[in-house]
2 protein chains.
Amino acid sequence: MNREDSMLTSHSTALRPYQDLAEIPHDDMANALRALAMDAVEKARSGHPGMPMGMADVATALFARFVTLDPARPDWPDRDRFILSAGHGSMLLYALNHLLGYADMGTDQLKSFRQLGAVTAGHPEHGHTLGVETTTGPLGQGLTTAVGMALAERMLNARFGDELVDHHTYVIAGDGCLMEGISHEAIDLAGHLKLSKLVVLWDDNGISIDGRTSLSTSTDQLARFAASGWKVMRVDGHAHHALTDALAEARASDRPVLIACRTTIGFGAPTKAGTEAVHGAPLGATEIEGARAALGWSHPPFEVPESVRAAFAAVAQRGREAREAWEKRLSASGRRADFEAAMEGDLPADFDEKLAAYKRELSQTAPKVATRKASEMALGVINRATDLTVGGSADLTHSNLTLTKGMVSVTPGNYAGRYLHYGIREHAMAAVMNGLALHRGSIPYGGTFMVFSDYARGAMRLSALMGQRVVYVLTHDSIGLGEDGPTHQPVEHLAMLRATPNLYVFRPADAVETLEAWQLALHAEGTPSVLALSRQNLPTFRIEHSEENLVGYGAYVARKPKRRRDVTLLATGSEVEIAFKGADLLAERGVDAAVVSMPCWELFERQSHEYRRAVLGTAPRVAVEAAARLGWDRWIGDRGRFVGMEGFGASGPAGDLYRHFNITPEAVVDATCDLLTCA
Amino acid sequence: MNREDSMLTSHSTALRPYQDLAEIPHDDMANALRALAMDAVEKARSGHPGMPMGMADVATALFARFVTLDPARPDWPDRDRFILSAGHGSMLLYALNHLLGYADMGTDQLKSFRQLGAVTAGHPEHGHTLGVETTTGPLGQGLTTAVGMALAERMLNARFGDELVDHHTYVIAGDGCLMEGISHEAIDLAGHLKLSKLVVLWDDNGISIDGRTSLSTSTDQLARFAASGWKVMRVDGHAHHALTDALAEARASDRPVLIACRTTIGFGAPTKAGTEAVHGAPLGATEIEGARAALGWSHPPFEVPESVRAAFAAVAQRGREAREAWEKRLSASGRRADFEAAMEGDLPADFDEKLAAYKRELSQTAPKVATRKASEMALGVINRATDLTVGGSADLTHSNLTLTKGMVSVTPGNYAGRYLHYGIREHAMAAVMNGLALHRGSIPYGGTFMVFSDYARGAMRLSALMGQRVVYVLTHDSIGLGEDGPTHQPVEHLAMLRATPNLYVFRPADAVETLEAWQLALHAEGTPSVLALSRQNLPTFRIEHSEENLVGYGAYVARKPKRRRDVTLLATGSEVEIAFKGADLLAERGVDAAVVSMPCWELFERQSHEYRRAVLGTAPRVAVEAAARLGWDRWIGDRGRFVGMEGFGASGPAGDLYRHFNITPEAVVDATCDLLTCA
């Protein structure tokens, strides 16, 4: 035991009880997890018993000696993070949390598994259930989000030291997580960054939904992870001591660790274990009876003997002691205020003032710049005003303009920077940003071309579902990107993003709106944001300083009609300039047009009926946006016209494309004169 | 040379000329490619010279002796497929095609690089330019599509033998392709399936846009590919003989092959070679002058000496001879008619008759089944009626119900089946289906849960952009999937898919509509289709047989009002039943409702104004769909009401969820009575 104990020693994690493995009632603890899982799935007549039963030994070995959590303080910052990436095995997590004593996870909840309103949702949902570090279910997301958490730990450690930040991130991943493409991005990035406190336990059971994994994969996962710089191990996932040894060794690694746990899916089920039949359906009464007999578990459904409860309580007690020791260190630390401010994620008191001062300057200087450039300028101010922001790009730094002066890059082994080179990995960038945000301690933003939000969709949706403050800097937001052509020109993406619940889609029209959008995004603690930004230069039309954040209204009258409102021109982003020019042309023809800039539909929807009616007006409306029409009918109404894209783009200079697709001031005039009598 | 020559021998590819490497004017050929690339980018003032200049030697070695194409017959079925996965290096492909003599690729087109209307688009676009096998640009897509092509080759070979189908698929991939997650899915699947005629040439130049690739990756790519069962080699990408040897060895492999070509990006550029500065911007006059001097290339821009043209013409001539020999074999083959029918992709003459007979049966038996089950039933008929279809699922076969009786699975080394276990790889499934469709010879369909269209978006968009007949079977299409909860419940996906140009989004409401949707999808030769299908059972309301395909109208009156139309209820899929029930309840309150089923908005948009007006009517409208509202305002109009989702779903039984989110017949009544006076 000496070698192992010395490896386990860490000032931040007390390992009592269970210095002696023989003290641990391992089989009973594991069987309690198995029984709760199969009973809950059976009662729900829905769910996935196979994974919890297969991984119960692994989870028991992990929690008995290693994971440090305090169920009474689920948000204690220096806790270990435990991520169930194979989220369909949610009953494993719920059974653990029940036995560890999380306040919301009573037996009644296990009995209400998968029922509306219960905390025991089909897949674990962050924010809905205590002790769920991230929402999982879409495979590969948990693994990649965990990379973000492990990175957050190292970055905060670089700022605040071992005393305040020193914890592990443990992941249980299944075959599906490792088949999904996002896993490559996660593995490559974690290996590159040498995230040595990340430990992935792979449920290597050889079974997926269609049958044996050999139906569809032949990859040697150990060799694959090793190729990306991971330490790799293989262990019998039902051998308590071997698992404990492997975990102890993993904690001493200087690289991220994969432990392949060879398991039997549905371990204990007499006829279904080891087959896909046990993956995603209740076992049935007979099979459960057989499993109880095979496992030697004689307790009725949902009943757990006191000895097992005590064993899990000891784990919780270890966590409580660790948390109390940490709190003493925090109290004694000179960095306490800084640390708490970072974890709270509060912007500095003078933050808005600094932005307001810069906004005034912008209105005065009225730069003609692309909104991606305006974003860089805004970030210059923002990144000086707060140290919460952590920037990055999926290898398009000089196009997205996400790196501001003085920002230092994070490099392997040196985590003191605040800029991330995510590589050509849009999906991982989004999931890692989710992990950074969930861990707390920073506000991540990351850039790519808007069209590649396609690649990041899976994780962007989770940003929205989990309500995380993550900012997507999506530049080159239309055919305005020009020569790169239709593969790079978003057409349907604004609609796709606007249709996503709980996501702010900002499409600012000039430098002032861009700054305002950034301000709103950074204040939106429960909502991720997209900034859709132009490649091409745009004039600043907001030349009159406004103390108010007008983008915060979602839409507003950017140009008032001279006398009466004959028509209302609605536009966003780069097309606001076209609307202005259209209004000028219309004036020549005796038509008095209002121009409404609509940088954020979601915020406009929230305004009062009166405000919206006043902005939209009662005159006919013409919308102009270099994107698909879908969604615009809500604003233009039955009589309205839309000037925009009807299909994919093309390759050519931006100006040529706008003319080719007839998204011009003249087209706005034509659409208007189709509705009204023009001179 | 003997060893090598024997390895090169293949009855289907003549290797004359250039049995003797010394005959090949390699450097001049490679420099011609370099010069055309840098000159075209310079003239366009836009583009990516670095990759073509770096990979010119590799491309020359590949084409000089190995690639068999006939530029005069770009669609010759047994040609080798050459895929430029690193699509930003499009000038490499255009320069090759120019020198090989493709009819559309004159010097004028090189001079119009990246200009509107030119075939020399910023990224290669299939269908826009001859000899572009697939559209590339979004990284990793070409590589994965190539896996589909290599698989198509093996599957057709299994049907038609070496005599008619025996060709290679060559890919040039960059660092970005290998960083993207989709590459893992592609590599894993190709290695598993032992696609030995797939050869990937990796442009290992160590540079990405942000700088050195060591900024963001440390993966040992050779070890990574080897872990997935590939043969791997490393070679100096500027060493003609070594490249030729490696390619010869690759062609003899029994596994897919990665050749890591160590290259210098922008080879020849005196100050910018080997740096990110040469990746994506014109070199400038001085640098180009220096490059010409360094390369010993004294010819003016766009001029290529006759000796070099002759060398490329010899490559084309070799292809022409191979094609002519193949045509003789085809003429002599007893399988000619079958082969041509497969390549044409024509459905059998009696196909529609068989479907009509089955439709009549469905209307008579009126089964109450989920539309995913109805899809399985339809596929049972379809897969018997034609052998063109190739099915599959991303490891959800028994949920998507995509496998019909008698379908045999493709397995490693045995390609005679017509069902594919794509594994948990939605993105690769979509890209591989693109490859199957582009290769020609089958109509691929593949299943996953609708919410995971998020993971496949990148490749689904390319199905639409390229106009490929690919069918996406997206089951579990709403909160109706129940207990799996919000991570698995699509909300915004219908809007996302409907916003995508050139994509049919079918959401059939019963077994008859499902069959009709399948019929339309299979006939849509230039448009991919989505079938959004329910998990839950739905009654058949189309109990009167219709010879016409009503889904083909996009929308139609499914229930006529009794006397006058007081209200029109619009619905799709599983909510049509709710609309019918709502109409019943409204009738009790003296309101006469028409119910309109809208299974395909895109097709409805194409109907005449009169037809659309007749269907939508002039009465107020209420829409019901268990999804986001975005897009519905087009149909409900200013006075309309929408009954649907306002945020994400929840975990619980489907019935509970419909009640919880208030998507019920009663809610339809309430919305209607908000508009009208109800009794």
Side-chain angles (χ1 to χ4, degrees), chain A residues 46 114-116 121-123 137-139 176 179-182 184-185 188 192 208-210 215-220 223-224 227-229 395 397 421 423-425 427 454-455 457-458 461 465 483-487 492 495-496 499-501 628 630-631 633-634 637-638 647-648 651-652 656 660, chain B residues 46 114-116 121-123 137-139 176 179-182 184-185 188 192 208-210 215-220 223-224 227-229 395 397 421 423-425 427 454-455 457-458 461 465 483-487 492 495-496 499-501 628 630-631 633-634 637-638 647-648 651-652 656 660:
Chain A
S46 169
R114 293 185 150 235
Q115 303 310 301
L116 188 58
H123 292 81
L139 295 174
M179 277 202 229
E180 290 288 0
I182 191 175
H184 168 59
E185 304 184 15
D188 193 359
H192 174 69
S208 71
I209 292 175
D210 272 12
L215 274 176
S216 59
T217 183
S218 307
T219 291
D220 176 344
R224 174 192 174 207
S228 288
D395 198 48
T397 293
H421 292 281
I424 301 143
R425 304 185 187 101
H427 205 173
D454 280 346
Y455 279 44
R457 263 293 297 167
R461 184 172 207 256
L465 181 54
E483 292 88 346
D484 275 345
T487 57
E492 67 273 41
M496 163 178 115
T500 306
L630 199 93
D633 290 271
R634 174 135 179 84
D638 289 345
F648 290 106
S651 174
D656 292 357
H660 176 73
Chain B
S46 169
R114 293 186 150 233
Q115 303 310 302
L116 187 58
H123 292 82
L139 295 174
M179 277 201 229
E180 290 288 1
I182 191 173
H184 169 58
E185 304 184 14
D188 193 358
H192 175 70
S208 71
I209 293 175
D210 273 11
L215 272 177
S216 59
T217 183
S218 307
T219 292
D220 175 345
R224 175 192 173 206
S228 288
D395 198 49
T397 293
H421 292 280
I424 301 144
R425 304 185 188 100
H427 204 173
D454 280 346
Y455 278 45
R457 264 293 299 167
R461 184 171 207 256
L465 181 55
E483 291 87 346
D484 275 345
T487 57
E492 68 274 39
M496 163 177 114
T500 306
L630 199 96
D633 289 271
R634 173 133 179 87
D638 289 344
F648 290 107
S651 174
D656 293 356
H660 176 72

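The sequence lines fix the lettering, A, B, ..., with proteins before strands; numbering per chain opens at 1. Heavy atoms only: backbone and side chains are in, while hydrogens, waters and symmetry mates are out. The structure displayed is predicted, hence computed values, not measured ones.
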Heavy-atom closest contact ([X] atom, [Y] atom, distance):
X	Y	value
B:Leu465	A:Pro486	CD1-CB, 3.9 Å
A:Ser228	B:Thr219	OG-OG1, 2.7 Å
A:Leu630	B:Ala499	CD2-CB, 4.0 Å
A:Pro138	B:Thr487	CD-CB, 3.6 Å
B:Met179	A:Asp188	CG-OD2, 4.2 Å

Donor-acceptor pair, side chain of [X] and main chain of [Y], under 3.5 angstrom:
X	Y	result
B:Asp656	A:Leu116	no
B:Asp395	A:Asp210	yes
A:Ser651	B:Ala121	no

Under 4.5 Å heavy-atom distance to chain B, tell me which part of [X] shows up: side chain, backbone, both or neither.
X	answer
A:His123	both
A:Tyr455	side chain
A:Ser208	both
A:Ala628	side chain

Most chain A-contacting option - heavy-atom pairs closer than 4.5 Å, from [options]:
options	value
B:Met496, B:Glu185, B:Arg224	B:Arg224
B:Ile209, B:Leu139, B:Asp220	B:Ile209
B:Gln115, B:Glu483, B:Arg461	B:Arg461
B:Gly122, B:Ser216, B:Gly181, B:Gly652	B:Ser216
B:Gly631, B:Gly229, B:Gly485	B:Gly631

About how many Å separate [atom2] of [Y] and [atom1] of [X], when rounded to the nearest 0.5 Å?
X	Y	atom1	atom2	value
B:Asp638	A:Arg634	CG	CZ	10.0 Å
B:Arg457	A:His427	CZ	NE2	13.5 Å
A:His421	B:Leu215	NE2	CG	5.0 Å

Measure the shortest side-chain to side-chain distance between B:Thr217 and A:Arg425 over non-hydrogen atoms and say whether it is less than 4.5 angstrom.
yes

